[in-house]
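In what follows, a single structure is set out as structure tokens and then discussed.
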Amino acid sequence: MASDDTERVIVIESVRQRLRHLILVDQVLDLIHSIGNDQKELIRNKARNESNTAAVDLLINTVIKTPHHDGWFMEFVDALKNGGCQHAADYVEAKFPDPTEEADNDACVLFIQLMSPSLLDRLKTSDVCAHCFSEGIISKEDKENIEAEEKNSGNRKGARALLTRIVRGRPGWFSTFLKVLRDTECWPVYYELTGETQDNGKEDLYNEESVELQQLPNDLDPFSTTDIVLRDYQMDAARPALEGKNIIVCLPTGSGKTRVAVYITREHLDSRRREGRSGKVVVLVNKVPLVEQHFSTEFRPFLKHAYKVERVSGDSPLKISFTEIVKKNDVIICTAQILENFLDNKDDEGVQLSDLTLIVIDECHHTKKGEVYNHIMMRYLKQKHKNVQLKKEQKKTVPIPQILGLTASPGVGGATKMDKAEEHILQICANLDAYKIMTKDNGQHKKDPYKQIASVEARQEDPFGDVIKKIMNAIHIHASLSPTCDLGSQNYEQWVVQKERKAVKDEDHKVRVCVEHLRKYNEGLQLSNTIRMWDAFGFLNKYQEEEMKKKVAPEEDEPIQITDTERFLFNLFKENKKELQTLAGQPQFENKSLSELRRIILHEFTSRDSARGIIFTRTRCSAMALSQWIQENSKFSDVGVKASYVIGGGDQSNVKPMTAAEQKDVLNKFRNGEVNLLIATTVAEEGLDIPQCNFVIRYGLVTNEIAMIQAEGRARAEDSSYTLVEVKGSAVAEKESINEYRKDMMSKAIAKIKSLSQDDYDKRIMTLQFQAIMEERVRKTKKKQKDRKSSSPSEVKFTCRGCSSHVCNGDDIQIIENMHRVNVSPHFGKLFIRKENTSLQERLLDYETNVFIACKICGQRWGSMMLFHGLEFPCLHVKNFVVAYNGKKISNCTRWNELAIQFPALDYVHHASQVVQSSDDEDTQ
């Protein structure tokens, strides 16, 4: 027994450093009954007067102090488990996680700590806390402490308490936390943590991904020397920066932009060291995976022998503040949002631009309005022009860093004329305060991949599509609609969206529900021209099943109304379902694009010794369906095709998104050869660094000239090919030609800018900078004025988006913690039904957040039930309503902050007293 106790003490001592961060003394101490009250008070005083960490040390010393009483160890373990510190209990019991899993968890903890300044004010603490409890990543005591902190000190303190507790959980809490943010629709925090962007105003279910995902290479150190040898064109591009000037390095994908940046960084630090001055370089990227990529494969291998290099992101193992990391290192690689969070952050001493001597901005074409790069550079530009005034007044100026921008393509910003393309590129130069934009001369890098367009004839017979069109035409007749464009086209989709918005405003339920179905049929028609008919049928069938579910009321409620139009639509699909199902199984009617794609893939894999390629497609659904089609076809496996797909992680689609871990797993398999054919949405266009990739296929997908250049850049191996598959008459080839034209126009615009005299260039840059600064001031002034304007809630009325029935007035709405809009009318409960949210796995009696509310008449979802300090309220989501504001209808309001209305705060005491009175009356009866 004594030897067992000795081993247990050794284990506890070995993990003491971990336990300091995982144990919450206040939640554990009272559960260890063998510790006397006097000693408990000492430990509590330690926590109050010093820190929780110091108190944990004293607690551990007390627990392991000899002699040990019987059962001391299990008492400690049980106290940890029951006190919400299960992860700490695992370490005490020597149940150590896998080292990789442990490192990933450490990275997630640091990421939350670094991002927390920008999360606290936007986290919907009450909702998120409840869901975290439901998902099991915080304990009941955690939940109670967070709620108490929120009630006593406000949402910000509650949010801080929540973030402090979730990071102490077992590995895996981070992905669950992201799920919670999706379930509670806490999108600002979700987008911040995932690096994704919201698709503003566009509601396309299978829209192109707005998020680019970069390949995360293995953390290898392949360099044994610090020598950096640049090619002539790289040295030419770097030269002005070596003289201390701000520049943009514009070199094609795969031509070594990052290596140029490493060289400039080293020369910058070396020159300052020779002059006896310190240097501080920050490398900014716009996506988390690029942090590790630049750190592991470029900056650290070449600079580590002379300088301290560190990276800061969700994959970083450090546990100190960003401010300290900046102070203690020479080169810091991080996401731009992290730097923005800590610029002038007084709470954490902050980071000043004057602390930095060089900022490297990767993918700098994103330095435009609304982007975080531009927010940082706006600070720079303001200080630059303040320095001019300070100099005139013979006052001391504030140091500002040198700027180095990197891009493969600045694009033309949608320009159709040369002067607009030139203006777009000059604006980027102005935003980055670039002295020059540096490019290569033709012929100084590897040749572009062989490019071809594979055009196929449209199907002569398309009975499957004909049935879909027959259904759509029947709907047109039913709703008295007369489309002016071809069914299955993008123009038709835009027409449908416009009709839907108008129908909502006009309260035309018949047209509204018809165009919703038409939109899905149009998508099904598009899918049948891209993937197998069977996959398109599955898409349509699933949609109909989901719509039918909305019309099923809980047993205790009255049936939900099904209108004549809805009944017509359901029956219409039902009548044609069998025919669609039969036709979907007849391969002779499949689209010819699939046959052409099959031919190209087989050709690539039979004509190359080692083929590895990427197929870009438009939607998540098509990426998944194409991957399945290839895996199920033996002809592909016979020639060695090993396919998988990668799609975005955003929650903008009904198709389940990929988690970051799933994306990373697929990309690692692609890199090491376990997968040699990747089917991807545009999520993979920018940043994948796989030299062996020797063919790229864009399958009916064309976006802009930047995306085209990036897609071409994926094929980096010798003798690479780039193929565009299109159906004749689809205008895909024409769009690609336009992108080629814009690419050529971009090159000419850059050449024209480079031909300007330095004086003319500087004048234009200065003008654009002053314009940008003034626009920023006007924008801030307007925002302040808008914030001051506040209409009366009584001027707002809400109607159901589904059936146009009146729901409530603004007077019925109060706000909880300046975040949740809840309806407090006692009569509101008669208008909705409650339905279980099946996306949540667990239903807990004390916090039933897995309940959403829907219109009692039509089944349209309105929001969800929430519990606030023991009281239940229906929380409304404005996107589910048509808002009438001063008599004017707003059909596309998606966020509460779009309404310039100040709702009153919830009168908790009033509502609580009503509930108590009602309960007393029931007891009396």
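All heavy atoms count here, side chains included; hydrogens, waters and symmetry mates do not.
Under the 4.5 Å side-chain criterion, counting only non-hydrogen atoms from C-beta, F322 is in contact with I332. Side-chain atoms of P410 and I248, non-hydrogen and from C-beta on, never get closer than 4.5 Å to each other. Put simply, the side chain of C250 reaches to within 4.5 Å of the side chain of T407, judged on heavy atoms. Looking at heavy atoms from C-beta onward, H294 lies out of side-chain contact with V360 at the 4.5 angstrom threshold. Between Y761 and K436 there is no side-chain heavy-atom pair separated by less than 4.5 Å. Taking the side chain as every heavy atom from C-beta outward, E363 and V285 never approach each other to under 4.5 Å. Residues M438 and V260 are not in side-chain contact: their nearest non-hydrogen atoms beyond the backbone lie 4.5 Å or more apart. The closest side-chain heavy-atom distance from D121 to R156 is below 4.5 Å.
Among all heavy-atom pairs drawn from F295 and V309, the shortest one is CE1-O, 3.6 Å. Closest of all the heavy-atom pairs between L284 and L339 is CD2-CD2, 3.7 Å. Pairing each heavy atom of I247 with each of A237, the nearest pair is CD1-O, 3.2 Å. Heavy atoms only, all atoms of each residue included: T265 and L303 are closest at CG2-CD1, 3.9 Å. Taking both residues in full, the closest heavy atoms of A749 and I425 are given as CB-CD1, 3.8 Å, listed atom of the first, atom of the second, then distance. Closest heavy-atom contact between V326 and L356: CG1-CD2, 4.3 Å.
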Test E776 against L381 for side-chain contact (heavy atoms from CB on, under 4.5 Å), laying out the working first. CA-CA 11 Å; E776 174 76 1; L381 292 177; over 6 Å; no
One pair to check against side-chain contact (heavy atoms from CB on, under 4.5 Å): L269 and V331. What are the steps and the verdict? CA-CA 9 Å; L269 293 172; V331 181; 3.7 Å; yes
What's the verdict on side-chain contact (heavy atoms from CB on, under 4.5 Å) for V291 and T335, showing C-alpha distance, side-chain angles and the deciding distance? CA-CA 7 Å; V291 174; T335 50; 4.0 Å; yes
Take Y380 and L432 through the test side-chain contact (heavy atoms from CB on, under 4.5 Å) and record every step on the way to the result. CA-CA 9 Å; Y380 170 98; L432 291 161; over 6 Å; no
E275 and R272: salt bridge (charged side-chain N to carboxylate O under 4.0 Å, His left out), yes or no, with the steps? CA-CA 5 Å; E275 295 167 2; R272 292 185 69 88; 5.8 Å; no
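N246 contributes a side-chain N or O that, together with a main-chain N or O of D433, makes up a donor-acceptor pair within less than 3.5 Å. The closest donor-acceptor contact from the side chain of Q758 to the backbone of Y435 lies under 3.5 Å. Within the 3.5 Å criterion, the main-chain N or O of K280 finds a donor-acceptor partner in the side chain of T357. A donor-acceptor distance shorter than 3.5 angstrom exists from the side chain of Q402 to the backbone of A241, with no hydrogens or angles considered. Here the side chain of N286 pairs no donor or acceptor atom with the backbone of A336 at under 3.5 angstrom. Of the possible donor and acceptor atoms, none in the side chain of E371 sits under 3.5 Å from a partner among the backbone N and O of K368. When atom types are taken as modelled, the side chain of K889 and the backbone of V882 share no donor-acceptor pair closer than 3.5 angstrom. A donor-acceptor pair under 3.5 Å links the side-chain atoms of Y373 to the main chain of D362, judged by distance alone.
Taking a cutoff of 4.0 Å between a charged side-chain nitrogen and a carboxylate oxygen, D759 and K763 do not qualify as a salt bridge. Ionic pairing of E185 and K124 is not present here: no N-O contact between side-chain nitrogen and carboxylate oxygen is shorter than 4.0 angstrom.
Put simply, CE on M378 and CD on Q769 are 9.0 Å apart, with the number rounded to the nearest 0.5 Å. Rounding to the nearest 0.5 Å places CZ of R122 at 10.0 Å from CG of L120. Atom CG of N431 is separated from atom CD1 of I765 by 8.5 Å, given to the nearest 0.5 angstrom. Interatomic distance, I437 CD1 to K754 NZ, rounded to the nearest 0.5 Å: 8.0 Å. Summarising the geometry, atom CD1 belonging to I376 is positioned 9.5 Å from atom CD1 belonging to I403; distances are rounded to the nearest 0.5 Å. From S755, atom OG reaches atom NZ of K748 across 13.5 Å, with rounding to the nearest 0.5 Å.
Stacking of K440 on the aromatic ring of Y233 is not recorded, the 6.0 Å distance cut-off and the 45° axial limit not both being met.
Within a 6.0 Å sphere centred on NZ of K420, heavy atoms belonging to other residues, nucleotides or ligands number 12 at most.
Ring geometry for W896 against F903 counts as perpendicular: the plane angle is over 60°, on a 0 to 90° scale with 30° as the lower cut. Using a 30° and 60° split on the angle between ring planes, W187 and Y190 fall in the perpendicular class, above 60°.
Among residues two or more places apart in sequence or in another chain, the side chain to side chain contact (heavy atoms under 4.5 Å, CB included) test is passed with S354 by Q352, V398, P399. By the side chain to side chain contact (heavy atoms under 4.5 Å, CB included) test, K395 is found to be paired with L390, E393, residues two or more places apart in sequence or in another chain being considered.
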